[in-house]
Asker: 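One structure is given below, represented as C-alpha cells, and several questions about it will come after.
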Amino acid sequence: MKLKPSTLYKTLLNKFGPQKWWPVDEVYHKKNNSDPRFEIIIGAVLTQNTAWSNVEKAVNNLKKRDMINIDRISNQKLDNIKELIKPSGFFNQKAVRLQTLSIFLRDRYKGDLDVFFSRETDVIRKELLSLKGIGPETADSILLYAGGKPVFVVDAYTRRICQRIPFETDISYEGIQRFFQNELSESFSKRDLNKVYNELHALIVVLGKNHCKKKPVCSGCPIEEFCEKLV
DNA sequence: GTCCAGGGCCGTT
DNA sequence: AACGGCCATGGA
C-alpha cells in the first residue's frame with residue numbers, strides 16, 4: 001500500500017493530536033499597535049535552522065521592547081536588534097533579514113499587512129523570495145501561518161520522510177509541495193485546506209523530532225508499515 | 001565534549 | 001543545476 005498525504009495527515013493527527021502552531025485567531029489581540037501576524041513573520045525568519053525554544057527567547061526580548069512592530073524594526077539600529085535576537089542564533093544575518101523585510105513592508109505597503117496579504121498568493125510569494133534571507137520555506141511559512149493562504153510548507157523533515165517512504169515525487173522543494181497540495185486539495189474541502197496544511201506541517205515536524213531523525217527511531221513510528229527505511 | 005535545531009546565501013564545480 | 005562551507009545559540 002502506498003501512503004497518501006491525506007492518510008499521513010489523518011494518521012499523524014490521530015497519533016500526536018493537534019499541534020496548534022500559530023493559530024492566528026487565538027493570538028489575535030492587538031496590543032501596543034503590534035500585529036500578531038508580524039510576530040509570526042518574525043518567528044518564521046528567526047526559526048531558520050534553529051530550535052523553537054531559542055526563537056521564543058528572542059521574540060520575548062523583542063516584545064519587552066515593543067519591537068514587534070514594522071516601523072520600530074525598520075528604524076532601530078542593527079546592533080540593538082542583534083542584541084535582542086541573540087538567543088536565536090545567526091543573529092548577524094537574521095537582524096539584517098528582519099530589517100530588510102520590515103523596511104520592504106513599510107515602504108511598499110505602508111506597513112499594512114492587510115494590503116500586503118490581500119493579493120494573489122503567487123505574487124506575494126515572488127516578492128518574499130526576492131528579499132535576501134527569505135527562501136521558499138520561510139516565504140511559505142509566512143503565507144500559510146501569517147497570511148492564512150493555503151500553501152503547504154516543505155522542510156528538511158518533509159524531505160527526509162519523502163525519501164524514506166518513498167513518495168512518488170522528486171524531492172525538490174516545489175516537487176514535494178505540488179505532490180502534497182495536489183493530493184490534499186482533492187481529499188479535503190477547500191475551506192479545510194488551510195487547517196490541514198497548517199497542522200500537517202507541524203505534525204511532520206513532530207514525527208521528525210520523535211522518529212524520523214537523521215538516525216531513525218522506528219520503534220513506535222505511526223507510519224513504519226509504509227516506510228522502506230531508505231537513506 | 002558532540003550533535004543538531006521548524007534555512008538560506010554564496011562560491012565553486 | 002548541484003554541492004559544501006558558513007552562519008551561532010542553547011538544550012539534549
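Model, not experiment: these values are computed from the prediction. Reminder, nothing fancy here: chain letters follow the sequence lines and each chain counts from 1.
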Asker: Starting at CD1 of A/Ile134 and ending at C1' of B/dG7, how long is that distance when rounded to a whole Å?
Answerer: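 The answer, rounded to whole Å, is 10 Å.
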Asker: Let me know the distance between CH2 of A/Trp21 and C1' of B/dA5, rounded to the nearest Å.
Answerer: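 Going from A/Trp21 (CH2) to B/dA5 (C1'), I get 11 Å.
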Asker: Output yes if the stacking criterion (under 5.5 Å between centres, under 30° between planes) is met for A/Tyr157 over the base of B/dG6, else no.
Answerer: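 Check failed, A/Tyr157 does not stack on base of B/dG6.
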Asker: Where is the tightest heavy-atom contact between A/Val217 and A/Asn210, given as atom of each residue plus distance?
Answerer: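 In terms of heavy atoms, the two residues are closest at CB-O, 3.9 Å.
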Asker: Which is more 5' along DNA chain B, the nucleotide nearest A/Lys213 or the one nearest A/Gly135? Just name the residue.
Answerer: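 The residue closer to the strand's 5' end, by nearest nucleotide, is A/Lys213.
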Asker: Is the distance between the ring centroids of A/Phe167 and A/Phe180 under 6.0 Å?
Answerer: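 Ring-ring flag for A/Phe167/A/Phe180: true, centres closer than 6.0 Å.
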Asker: Yes or no on salt bridge (charged side-chain N to carboxylate O under 4.0 Å, His left out) for A/Lys77 and A/Asp79, after CA distance, side-chain angles and deciding distance?
Answerer: CA-CA 6 Å; A/Lys77 294 189 68 169; A/Asp79 284 343; 5.9 Å; no
Asker: Do any of residues 165-184 of chain A sit with a heavy atom less than 4.0 Å from DNA chain C, and if so which?
Answerer: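 Those residues: none at all.
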Asker: Nearest 0.5 Å, what's the NZ-CZ distance between A/Lys2 and A/Phe226?
Answerer: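 A/Lys2 NZ to A/Phe226 CZ: 11.0 Å, rounded to 0.5 Å.
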Asker: Can you check the A/Leu129 CG to B/dG7 P distance for me, whole Å?
Answerer: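 Spelled out: CG on A/Leu129 to P on B/dG7 is 16 Å.
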Asker: Kindly say if A/Lys209 contacts the phosphate of B/dG6, meaning a side-chain N or O under 4.0 Å from OP1 or OP2.
Answerer: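 Yes, A/Lys209 has a side-chain N/O under 4.0 Å of OP1/OP2 on B/dG6.
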Asker: Can you tell me if NZ on A/Lys82 sees more than 12 non-hydrogen neighbours from other groups inside 6.0 Å?
Answerer: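 Yes, NZ of A/Lys82 has more than 12 neighbouring heavy atoms, counting only those of other groups under 6.0 Å.
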Asker: Determine: side-chain N/O of A/Lys132 to OP1/OP2 of B/dC10, distance under 4.0 Å, yes or no.
Answerer: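 True: A/Lys132 side-chain N/O within range (under 4.0 Å) of B/dC10 OP1/OP2.
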Asker: Nearest-Å distance, CZ (A/Arg160) to C1' (B/dG6)?
Answerer: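 Nearest whole value for this atom pair: 12 Å.
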Asker: Between CH2 of A/Trp52 and NZ of A/Lys209, what distance do you get to the nearest 0.5 Å?
Answerer: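 So the CH2 of A/Trp52 and the NZ of A/Lys209 are separated by 10.0 Å.
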Asker: Looking only at atom C1', what distance separates B/dG1 and C/dG10, rounded to whole Å?
Answerer: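 Here B/dG1 and C/dG10 have their C1' atoms 15 Å from each other.
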Asker: Going 5' to 3' through nucleotides 7-12 of chain C, assign each nucleotide B (protein heavy atom under 4.0 Å from a base atom), S (under 4.0 Å only from sugar-phosphate atoms) or - (no protein heavy atom that close).
Answerer: BBBSS-
Asker: Does A/Thr47 use its side chain to pair, donor to acceptor, with the backbone of A/Ala44 at less than 3.5 Å?
Answerer: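 Side chain of A/Thr47 to backbone of A/Ala44, a donor-acceptor pair under 3.5 Å: no, none is there.
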Asker: Rounded to whole angstroms, how far apart are CG on A/Leu46 and P on B/dG8?
Answerer: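 Nearest whole value for this atom pair: 13 Å.
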Asker: Send over the distance from A/Leu128 CG to B/dG8 C1', rounded to a whole Å.
Answerer: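 About 14 Å, once rounded to whole Å.
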Asker: Would you say the side chains of A/Arg65 and A/Gln76 form a donor-acceptor pair under 3.5 Å?
Answerer: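 The criterion, which ignores hydrogens and geometry beyond distance, is not satisfied for A/Gln76 and A/Arg65.
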Asker: Does one side chain, of A/Asn14 or A/Thr11, offer a donor that lies under 3.5 Å from an acceptor on the other?
Answerer: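 Checked: A/Asn14/A/Thr11 side chains show no N/O donor-acceptor pair below 3.5 Å.
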Asker: Take atom CD of A/Glu56 and atom C1' of B/dA5, then tell me their distance rounded to the nearest Å.
Answerer: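 For the pair A/Glu56 CD and B/dA5 C1', the rounded distance is 14 Å.
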Asker: Give the rounded distance in Å between these two atoms: CG of A/Leu203 and P of B/dG6.
Answerer: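 Going from A/Leu203 (CG) to B/dG6 (P), I get 14 Å.
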